[in-house]
2 protein chains.
Amino acid sequence: MSVEVSGGLQALAGDVFDKNCPSRGVLEHVTSRWGVLVLAALGERELRFGELHRRIGGVSQKMLAQTLRTLADDGFVERTVIPAAPPQVSYRLTETGEQVAGHVVGLVGWIEQHLPEILAAREATPAR
Amino acid sequence: MSVEVSGGLQALAGDVFDKNCPSRGVLEHVTSRWGVLVLAALGERELRFGELHRRIGGVSQKMLAQTLRTLADDGFVERTVIPAAPPQVSYRLTETGEQVAGHVVGLVGWIEQHLPEILAAREATPAR
DNA sequence: TCCGATGGTTACCTCAAGGTACGTACTTTC
DNA sequence: GAAAGTACGTACCTTGAGGTAACCATCGGA
């Protein structure tokens, strides 16, 4: 539950298997239905709200805004408002955001590439 | 939407940004609330139902069974029944399962280790 | 002059994820 | 002989995630 850190100070590491550990919450934000896709999209490049909305098929404005807000609260995404005449809002990953997104992109990429095998396995579902 | 594969044959790779791509479904199984934790737990070692139930805090028997079934259908988990007098059922990752689990474990581990920073960022939430 | 794009917020409603509780069939333990 | 563990399946019910639609303010273009 706890790890020693360089300075000799003690920092608490999370334990996702613990029902009450706050890491559970963070994990759920990151792996949420739209959270994964937002992180993956921003992993490619900085994007504006409308661009994200178009990039991520099927997401509603409401859920996109909500997801972006929780990811921003956790410090993964930075929101920048350009005060122009139709207001422009841009989203990019923070430094820690880049790191989580790295893992997420890896996972997503693996799934995309191995999709055929997985679908094959599914249809070969024995007996049921 | 499609990639060239070694043999010159064509295999379809997924695109998670496409609303109708089946990779969406697989992604949701893997990143589901309990799916992540099951994969992470089995990434350590083979486990029996009861062991999984105790390891993953807060999961109900129903959801554990359901999650294990979908992961088995996708070919990530293998179910082995040892016909004994209280029946014993063991779960382990398949080869493809090991690969997804690798990514999942990486993600989970990163979150556990960086939890303090994330929580700090959360409390420093500007303005709201 | 009216439309559409921009980036949202809010109210309202639905459906499905997920929890609780109980049943099952057999066996060991107290 | 009663309780508890093993590995679920099923029925029932609640909660909340998430969709739809309307509204807002401002500006450029047809």
Side-chain angles (χ1 to χ4, degrees), chain A residues 16-17 19-20 24-39 41-42 46-74 77-92 125-128, chain B residues 16-17 19-20 24-38 41-42 46-74 77-92 126-128:
Chain A
V16 285
F17 294 114
K19 185 171 66 171
N20 300 315
R24 275 280 179 92
V26 177
L27 183 62
E28 278 165 28
H29 296 166
V30 171
T31 61
S32 70
R33 181 163 182 201
W34 303 117
V36 188
L37 298 177
V38 166
L39 289 173
L42 293 180
E46 181 173 357
L47 290 168
R48 292 181 45 190
F49 186 88
E51 291 175 321
L52 272 169
H53 190 216
R54 266 169 262 124
R55 183 81 227 271
I56 302 175
V59 71
S60 66
Q61 289 190 331
K62 174 190 159 187
M63 287 314 297
L64 181 55
Q66 196 177 108
T67 303
L68 284 166
R69 214 181 316 134
T70 61
L71 291 178
D73 285 354
D74 284 347
V77 165
E78 196 182 8
R79 180 188 142 107
T80 311
V81 183
I82 299 162
Q88 300 186 357
V89 184
S90 208
Y91 294 90
R92 51 183 293 222
T125 304
R128 275 228 49 137
Chain B
V16 286
F17 294 115
K19 186 171 64 170
N20 299 316
R24 275 281 178 91
V26 178
L27 183 62
E28 277 164 29
H29 295 166
V30 171
T31 61
S32 69
R33 183 164 181 199
W34 303 117
V36 189
L37 298 177
V38 166
L42 293 181
E46 181 173 357
L47 290 167
R48 293 182 43 192
F49 187 87
E51 292 176 321
L52 272 168
H53 189 218
R54 267 169 261 122
R55 183 81 225 272
I56 302 174
V59 71
S60 65
Q61 290 189 332
K62 172 190 160 188
M63 287 313 298
L64 181 55
Q66 194 176 111
T67 304
L68 284 166
R69 213 182 318 136
T70 61
L71 290 178
D73 285 355
D74 285 346
V77 165
E78 195 184 9
R79 179 189 143 107
T80 312
V81 183
I82 299 163
Q88 299 186 358
V89 184
S90 208
Y91 295 90
R92 50 182 294 217
R128 275 227 53 132

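Below, chain A is the first sequence line, B the second, and so on; all start at residue 1.
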**Contacts of type side chain to side chain donor-acceptor pair (under 3.5 Å), residue B/Glu46, not counting sequence neighbours** = B/Ser90

**Protein-nucleotide distance (A/Leu47, atom CG; C/dT6, atom C1'), rounded to Å** = 16 Å

**Request:** Grab the NZ-P distance between B/Lys19 and D/dG18 for me, whole Å please.
**Result:** 16 Å

**Message:** From CD of A/Glu51 over to C1' of C/dG7, roughly how many Å is that when rounded to an integer?
**Reply:** 13 Å

**Fill in**
In whole angstroms, the gap separating P of C/dG18 from CZ of B/Arg33 amounts to 6 Å

**Request:** Could you tell me whether the phosphate oxygens of D/dA7, OP1 or OP2, come under 4.0 Å of any side-chain nitrogen or oxygen in B/Arg69?
**Result:** no

**Prompt:** What nucleotide among C/dG19, C/dG7, D/dG18 has an atom nearest to a side-chain atom of B/Trp34?
**Reply:** C/dG19

Give every donor-acceptor pair under 3.5 Å between a side-chain atom in residues 24-39 of chain A and any protein atom, sequence neighbours left out.
from    : atom 1 : to      : atom 2 : distance (Å)
A/Arg24 : NE     : A/Val16 : O      : 2.5
A/Arg24 : NH1    : B/Gly57 : O      : 3.3
A/Arg24 : NH2    : A/Val16 : O      : 3.2
A/Arg24 : NH2    : B/Gly57 : O      : 2.8
A/His29 : ND1    : A/Asp74 : OD2    : 2.6
A/Thr31 : OG1    : A/Leu27 : O      : 2.7
A/Ser32 : OG     : A/His29 : O      : 3.0
A/Ser32 : OG     : A/Gly35 : N      : 3.0

**Rounded distance in Å - NE2 (B/His29) to C1' (C/dA17)** = 13 Å

**Prompt:** Can you tell me how far C1' of C/dG19 sits from CD1 of B/Ile56, to the nearest Å?
**Reply:** 16 Å

**Message:** Quick check: closest heavy atoms across A/Leu52 and A/Ala41, and the distance to 0.1 Å?
**Reply:** CD2-CB, 3.9 Å

**Message:** Between A/Val59 and A/His53, is there a side-chain heavy-atom distance shorter than 4.5 Å?
**Reply:** yes

**Complete:** Of A/Arg54 and B/Val59, the one whose closest nucleotide on DNA chain C sits nearer the 5' end is A/Arg54

**Spacing between A/Met63 atom CE and C/dC13 atom P, to the nearest angstrom** = 19 Å

**Request:** State whether A/Arg79 places a side-chain N or O below 4.0 Å from either non-bridging phosphate oxygen (OP1 or OP2) of C/dG8.
**Result:** yes

**Message:** Are the side chains of A/Phe49 and A/Leu68 in contact, using a 4.5 Å heavy-atom criterion?
**Reply:** yes

**Request:** If a protein heavy atom is under 4.0 Å from the base, mark B; if only from the sugar-phosphate, S; if neither, -; do that for nucleotides 20-30 of chain C going 5' to 3'.
**Result:** B------S---

**Message:** In the structure I gave you, are the side-chain heavy atoms of A/Arg79 and A/Val77 within less than 4.5 Å of one another anywhere?
**Reply:** no

**Request:** May I ask you to say what B/Gln66 touches in the nucleic acid, namely base, sugar-phosphate or nothing, with a heavy-atom cut-off under 4.0 Å?
**Result:** nothing

**Message:** Check the phosphate of C/dT6 against A/Arg48, side-chain N and O only, distance under 4.0 Å to OP1 or OP2. Yes or no?
**Reply:** no

